[in-house]
Amino acid sequence: MTQEEAYQILYPLIEQNGKLYYKCSLVYVYKAKEGEYIETWTADGLETTNYSKVGDFVVQNLQTECLEQYIIPEDIFFKRYEFFYFTGEGAVYKPTGKIKAAKYCGEDLQFVAKWGRLMSLKTGDFLATPYPECNEIYRIANQEFFETYEEDL
């Protein structure tokens, strides 16, 4: 399923049942090397993979069991994170963005994420979209969702 098809089929679930959340956990960040390959592993297995492009950042969640990593393009990164402090060869950043998300209760499936790679979606996961843009759809695994997000009341 393409990103466009996933958005058309799955976004209505977020629109109807979703709530606003903010990411509450710090992340470790470093500038990716061009072509760097990252596998994103969650408590329930491989979620997705990606290759970095010039200017991308590798982000690692610091408060999850799996310490999963993922790649974020520079323009998106600075919209969603702010500097917290330097450490080693990277830095720790505080999330600033919000998402609209809803729990997914359907068949396990895969779809193409915005970055062009397959992403797994399992029943019990959360479907998410950046808020207020709501211009893409992605998965946050159930365990990692509760380790890193809080409802925006």
Side-chain angles (χ1 to χ4, degrees), residues 1-30 32 37-52 56-84 90-153:
M1 181 182 322
T2 67
Q3 173 64 196
E4 293 77 18
E5 291 167 336
Y7 187 87
Q8 287 180 326
I9 294 167
L10 300 171
Y11 180 75
L13 300 173
I14 297 173
E15 188 62 32
Q16 293 166 5
N17 304 314
K19 296 179 183 177
L20 291 180
Y21 296 90
Y22 65 94
K23 190 169 185 172
C24 55
S25 62
L26 298 175
V27 296
Y28 173 75
V29 178
Y30 67 88
Y37 175 73
I38 296 293
E39 293 181 340
T40 303
W41 288 89
T42 62
D44 67 356
L46 181 64
E47 178 177 82
T48 190
T49 62
N50 200 357
Y51 288 92
S52 65
D56 287 351
F57 289 94
V58 175
V59 177
Q60 181 176 29
N61 281 322
L62 294 175
Q63 295 171 282
T64 61
E65 180 181 319
C66 289
L67 303 172
E68 72 276 10
Q69 293 183 315
Y70 46 92
I71 295 171
I72 297 183
E74 184 175 27
D75 61 329
I76 294 173
F77 177 79
F78 287 112
K79 290 178 186 175
R80 296 184 187 170
Y81 295 90
E82 66 183 27
F83 176 77
F84 197 60
V92 173
Y93 279 75
K94 177 182 171 185
T96 59
K98 293 183 183 180
I99 62 168
K100 190 168 186 181
K103 194 165 203 160
Y104 175 71
C105 298
E107 289 183 29
D108 291 0
L109 56 90
Q110 289 188 322
F111 62 90
V112 176
K114 183 178 180 180
W115 51 90
R117 306 287 289 180
L118 283 178
M119 173 171 264
S120 298
L121 176 63
K122 300 174 182 177
T123 194
D125 289 343
F126 282 77
L127 288 167
T129 188
Y131 185 83
E133 298 87 0
C134 301
N135 58 358
E136 66 177 286
I137 195 161
Y138 55 91
R139 168 229 199 199
I140 303 171
N142 183 285
Q143 180 174 323
E144 285 73 15
F145 184 84
F146 288 108
E147 290 173 334
T148 59
Y149 283 88
E150 291 185 8
E151 190 173 348
D152 187 36
L153 301 174

Practice problem: State whether the side chain of N142 and the backbone N or O of G124 hold a donor-acceptor pair below 3.5 Å, judged by distance alone. | Solution: yes
Exercise. Can you see which heavy atom on M1 is nearest to which on A6, and at what distance?
Key: SD-CA, 3.4 Å
Practice problem: Keeping the roles fixed (side chain from K23, backbone from R80), state whether a donor-acceptor pair exists under 3.5 Å. | Solution: no
Exercise. May I ask you to check whether over 12 heavy atoms, not counting those of K122, lie within 6.0 Å of atom NZ?
Key: yes
Quiz item: Just how far is it from atom CD1 of I72 to atom CG of D56, taken to the nearest 0.5 Å?
Solution: 9.5 Å
Quiz item: Can you name the nearest heavy-atom pair linking Q110 to S120, along with the distance?
Solution: NE2-OG, 3.7 Å
Exercise. Decide yes or no for Y104 and L109: does some side-chain heavy atom of the first lie under 4.5 Å from some side-chain heavy atom of the second?
Key: yes
Exercise. Identify the two heavy atoms, one from T123 and one from C105, that lie closest to each other, and give their separation to 0.1 Å.
Key: OG1-CA, 3.4 Å
Practice problem: Go through C66 and E144 one step at a time and tell me if the side-chain contact (heavy atoms from CB on, under 4.5 Å) criterion holds. | Solution: CA-CA 8 Å; C66 289; E144 285 73 15; 4.1 Å; yes
Practice problem: Determine, step by step, whether T42 and Q143 satisfy the side-chain contact (heavy atoms from CB on, under 4.5 Å) criterion, reporting the C-alpha distance in whole Å, the side-chain angles of both residues, the deciding distance to 0.1 Å, and the verdict. | Solution: CA-CA 8 Å; T42 62; Q143 180 174 323; over 6 Å; no
Exercise. Rounded to the nearest 0.5 Å, what's the gap from CD on E136 to CD1 on I76? Could you check?
Key: 6.0 Å
Quiz prompt | pair E47-I140: side-chain heavy atoms closer than 4.5 Å | solution = no
Practice problem: Using distance alone, with no hydrogens and no angle criterion, decide if Y22 and E150 have a side-chain donor and acceptor under 3.5 Å apart. | Solution: yes
Quiz item: For the side chain of Y11 and the backbone of I137, is there at least one donor-acceptor N/O pair under 3.5 Å apart?
Solution: no
Quiz item: Under 4.5 Å between any side-chain heavy atoms of F111 and M119, yes or no?
Solution: yes
Quiz item: Taking Q63 for the side chain and L26 for the main chain, is one N or O donor matched with an acceptor at less than 3.5 Å?
Solution: yes
Self-check item: Straight-line distance of E147 CD to L67 CG, nearest 0.5 Å
Solution: 9.0 Å
Self-check item: side-chain contact (heavy atoms from CB on, under 4.5 Å), paired with Y138, selected from T48, I99, T129
Solution: I99
Exercise. Determine the interplanar angle of the F83 and Y93 rings, folded into 0 to 90°, and report it as parallel if under 30°, tilted if 30 to 60°, perpendicular if over 60°.
Key: perpendicular
Quiz item: Are the side chain of T40 and the backbone N or O of T49 linked by a donor-acceptor pair below 3.5 Å?
Solution: no
Quiz item: Between E82 (side chain) and K94 (backbone), is there a donor-acceptor pair under 3.5 Å?
Solution: no
Quiz item: Below 6.0 angstrom between ring centroids: does that apply to F146 and F126?
Solution: yes
Exercise. Would you name the heavy atoms of S25 and P95 that are closest together and state the gap between them?
Key: O-CG, 3.0 Å
Quiz item: If we only count heavy atoms from C-beta on, is the D44 to D125 side-chain gap below 4.5 Å?
Solution: yes
Quiz item: Looking at side-chain heavy atoms only, is the closest gap between L46 and W41 below 4.5 Å?
Solution: yes
Quiz item: Counting heavy atoms not belonging to F84, are there more than 12 under 6.0 Å from its CZ?
Solution: no
Quiz item: Is the number of heavy atoms from other residues, nucleotides or ligands under 6.0 Å of E107 CD greater than 12?
Solution: no
Quiz prompt | Steps toward side-chain contact (heavy atoms from CB on, under 4.5 Å) verdict (Y81, V59) | solution = CA-CA 10 Å; Y81 295 90; V59 177; 4.3 Å; yes
Quiz prompt | Value rounded to 0.5 Å, distance of NZ in K100 from CG in N17 | solution = 9.5 Å
Quiz prompt | CZ-CD1 distance between R117 and I38, expressed to the nearest 0.5 angstrom | solution = 12.0 Å
Practice problem: Assess whether side-chain contact (heavy atoms from CB on, under 4.5 Å) is satisfied between N61 and Y70, documenting all intermediate values. | Solution: CA-CA 9 Å; N61 281 322; Y70 46 92; 3.5 Å; yes
Quiz item: Under the 3.5 angstrom rule, does the side chain of Q3 hit a backbone N or O of V112 as a donor-acceptor pair?
Solution: yes
Practice problem: Check whether any side-chain heavy atom of Y131 lies under 4.5 Å from a side-chain heavy atom of L20, and answer yes or no. | Solution: yes
